[in-house]
Every structure is written in structure tokens, then in C-alpha cells.
Amino acid sequence: EIIEEGLGGRSTGELRQLLAHADQRIRLKAQFELVKRNETDSLIEDSADDHQLKRIHAIWGLGQLARKENQAAIKQLVSLLKDKDPEIQVQSSKVLADLKPGSFDGRVLIPHLSSEHPRVRFQAGLSVGRQQVSEAFDAVIALIEQNDGQDTYLRHAGIVALEGMSRANSLLNHPSEEVRLSAVVALRRLASPLVATFLSDASELVVVEVARAIHDDFSIPEVLPTLAKQLVFTESSNEALVRRLINANFRLGGVNEAYLVAEYAANTSHETAMRLEALEALAAWTNPPPLDRVDGRRRYYTPRPSGEIASAIGGMLESILASNDSGILEKTVA
């Protein structure tokens, strides 16, 4: 009946009572009506109420007003970051994250990065990233190190924070593998070519993540050649990495790239399955399929000079066929 009747004709006092209604639909309608009436003072008062749901809807309403640069609303939201209820801290941090960077002093979020409550730390990380609070850099690194990949939500918050601060490339030599891994993912989200600097990382886990960052989805075209050249040096048997190294060369599609892939296939020290993958890439070299061999994304290729490529890799293929490596010989002939 309340929904059918609508809330436009109700008094401000009734709307404030409905912020604590058992049905969320009614709470939201009351919240929006109070915002429509620009009831800043009412929402500020209700954000300090004893009823948690009422407080949350008042905070959401203040967030709507704050996005219109309502300074009183922003001031109240910042003050609520110090509330004793961790859920109120979370909700205040959340709506503050939606404001334009610089709308308030983002440094007030930094203490929440070390809160005893995981949800508070999580939302603080997201908010710091959205607000680009560069002063929070050390606190974010501490959050990532302390979590050490155990809680994937907190890992994500740390990555988003690094992304917003745009300083992930400075973590190349950080002793924590988890921190370096988070830095790589942050750089991937930024589509930054600087991610390629992590290809020399001592951790294979980090290097594989770099390969995904450069190769997958829309990729980072500027450093795809850098990734492709790693096929010459790799001694890894990690399938996720090697497939991307081979496919990076395949996508570039030049004569030099074809030679590198053929050279990899001819090297008997590599895993047979990956040598076969290299041969299959060469078989499709001059007529690439429309779907990517690794991630399935639609790719568009320009015509490739089959004569030059055949000339470049012919001798290498002959050596493979002439070898006593029967496992790969049978597959190659087939």
C-alpha cells in the first residue's frame, strides 16, 4: 500500500521514520524522496541514529547530495569515518569513494587500511584507489604484505589502490612476491607498458602474470614484441607462460618471429607438448584462424609472406623431421 500510494505526499518526519522500515524498497524510496527535497540536515541527523539500517540509508542519501558538491554532506560523511560501528565506517568510506578526487582530504582514509575489521580495510583500499591518495602508498603496501594473498578481496583492494596511485612500477625490486604480483596486476589494469619491466622477475608466478597482462584480452601492443622475444631465453616448462610466448610471436607474424618459434620447436630440451604447440602455430602461420589460439578473442591479421617464412624456417623443420625424436616426429608428420 505504501509503494502504491507513493511517498511524495508524506511529510519529512514520516519519510525519516520510513528509513528504518523492514522493506528495503520503502527505505530506498524514502531516501530518494529526502534527497529530492534536499533534506541535508535531516539526513545528517539520521546518520547518527541508533538504528543501523536507518543510518546506512541516511549515509547513502548524504552520498547522493555529496556528489552534487554539498559540503555539509561531505563533512558529515568524513566525520562518520570515526564512528564506533565498523559498518558505518565501511558505508561512509564507500560513498566518499564515489566523489571526485580532491572533494575531501583523502588522507583521512589511511588509518582504515590497518583496521582490525577486514571489511573496513577492504573498502578503504578501494576508496584510496578511487581518490588517488598517493600518501597512502606505504600503508597500502603494508596491507598487501600482511594479507599475503590469503584474502582475495583484500588482495583486490590493494591492487585497486596501487592502480589509483599509479606507482606500481616502483615496486620492481620489492622483496615480497605478493606485492610484486599486485603491482603487475595494477599495471595491467592501467594497460601500462611498464609492466614489461617485471619480465625479469625471479618469481615464475610474477612472470606468468606479466605474460597474461601483455598478451591477453586487448593486450598491451607496445610491449608485445618484448614478450615475444622471451621465447629465446625461456627455460620454463610452465604451459601458461610458454603458450603466450609462442602466441605473441604468432600474432606479430613476421619472418623473425617464425624463426624464433621454429628454433624453439627444434630444441629437444623443451617439453614435447610445447614443441608441438610451436609446430602447430607454424602450420597456421600464413592462414591464422580468426579466434586467438590462447584466449579465444577475435583477432584481425594482415596477409603474411608465405615464401619468405618458408625459406626462413625450412631448414629448421628439416632438422626436426630428420631427428630421432620419435615422439614429436610422429605428431609432426601427422
Side-chain angles (χ1 to χ4, degrees), residues 93-102 106 109-110 112-113 118-119 121-174 176-201 203-228 230 238 240-241 243-245 247-248 251 292 294-299:
S93 178
K94 186 175 182 179
V95 296
L96 284 169
D98 291 335
L99 304 184
K100 294 178 182 178
L109 296 164
I110 296 175
H112 288 349
L113 291 167
R119 270 175 57 78
R121 296 200 301 274
F122 168 72
Q123 188 56 57
L126 298 183
S127 301
V128 160
R130 294 281 296 277
Q131 289 296 314
Q132 303 169 11
V133 186
S134 59
E135 296 89 345
F137 186 75
D138 291 340
V140 169
I141 300 306
L143 168 69
I144 296 171
E145 279 192 282
Q146 182 181 6
N147 181 55
D148 197 26
Q150 296 303 305
D151 187 315
T152 54
Y153 285 88
L154 290 176
R155 169 188 271 180
H156 174 68
I159 290 168
V160 171
L162 288 177
E163 177 189 3
M165 289 182 282
S166 299
R167 291 179 57 187
N169 59 298
S170 66
L171 298 168
L172 178 61
N173 298 313
H174 196 280
S176 167
E177 179 187 68
E178 178 66 20
V179 169
R180 300 196 307 276
L181 186 67
S182 297
V184 167
V185 179
L187 289 168
R188 176 181 181 173
R189 290 167 63 93
L190 292 166
S192 172
L194 292 173
V195 74
T197 60
F198 286 82
L199 280 169
S200 59
D201 198 276
S203 167
E204 186 173 71
L205 180 65
V206 173
V207 175
V208 171
E209 198 59 45
V210 176
R212 290 192 179 103
I214 297 173
H215 173 282
D216 291 3
D217 301 324
F218 293 107
S219 76
I220 305 177
E222 301 96 317
V223 286
L224 192 63
T226 305
L227 178 66
Q230 297 301 307
N238 186 297
L241 174 60
R243 283 184 181 275
R244 284 168 172 80
L245 297 181
N247 202 48
R251 282 167 54 185
D292 191 274
V294 174
D295 66 13
R297 183 175 288 276
R298 178 70 166 91
R299 308 285 182 191

How many angstroms lie between atom [atom1] of [X] and atom [atom2] of [Y], to the nearest 0.5 angstrom?
{"X": "L194", "Y": "E222", "atom1": "CG", "atom2": "CD", "value": "10.0 Å"}
{"X": "S93", "Y": "R121", "atom1": "OG", "atom2": "CZ", "value": "13.5 Å"}
{"X": "R188", "Y": "E163", "atom1": "CZ", "atom2": "CD", "value": "12.0 Å"}
{"X": "L171", "Y": "L162", "atom1": "CG", "atom2": "CG", "value": "6.0 Å"}
{"X": "H156", "Y": "F122", "atom1": "NE2", "atom2": "CZ", "value": "5.5 Å"}
{"X": "S203", "Y": "E178", "atom1": "OG", "atom2": "CD", "value": "10.0 Å"}

Is it true that R251 and S219 share a donor-acceptor pair across their side chains at a distance under 3.5 Å?
yes
Heavy-atom donor-acceptor pair, D201 side chain to V207 backbone, under 3.5 Å
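Absent.
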Where [X] and [Y] come nearest, the two heavy atoms and their spacing:
{"X": "S127", "Y": "A97", "result": "OG-CB, 3.4 Å"}
{"X": "V140", "Y": "G158", "result": "CG1-O, 3.9 Å"}
{"X": "L126", "Y": "A157", "result": "CD2-CA, 3.9 Å"}
{"X": "Q230", "Y": "L199", "result": "CG-CD1, 4.1 Å"}
{"X": "A248", "Y": "L224", "result": "CB-CD1, 3.8 Å"}
{"X": "R244", "Y": "R212", "result": "NE-CG, 3.6 Å"}

Is any side-chain heavy atom of [X] closer than 4.5 Å to a side-chain heavy atom of [Y]?
{"X": "R130", "Y": "L96", "value": "no"}
{"X": "I141", "Y": "H174", "value": "yes"}
{"X": "H215", "Y": "D292", "value": "yes"}
{"X": "Q146", "Y": "L154", "value": "no"}
{"X": "F198", "Y": "L187", "value": "yes"}

Under 4.0 Å between a Lys/Arg side-chain N and an Asp/Glu carboxylate O for R180 and E177?
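No, this pair does not count.
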Is it the case that over 12 heavy atoms from other parts of the model lie below 6.0 angstrom from the CZ atom of R299?
yes
Should we say atom OH of Y153 is surrounded by more than 12 heavy atoms from elsewhere, each under 6.0 Å from it?
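No.
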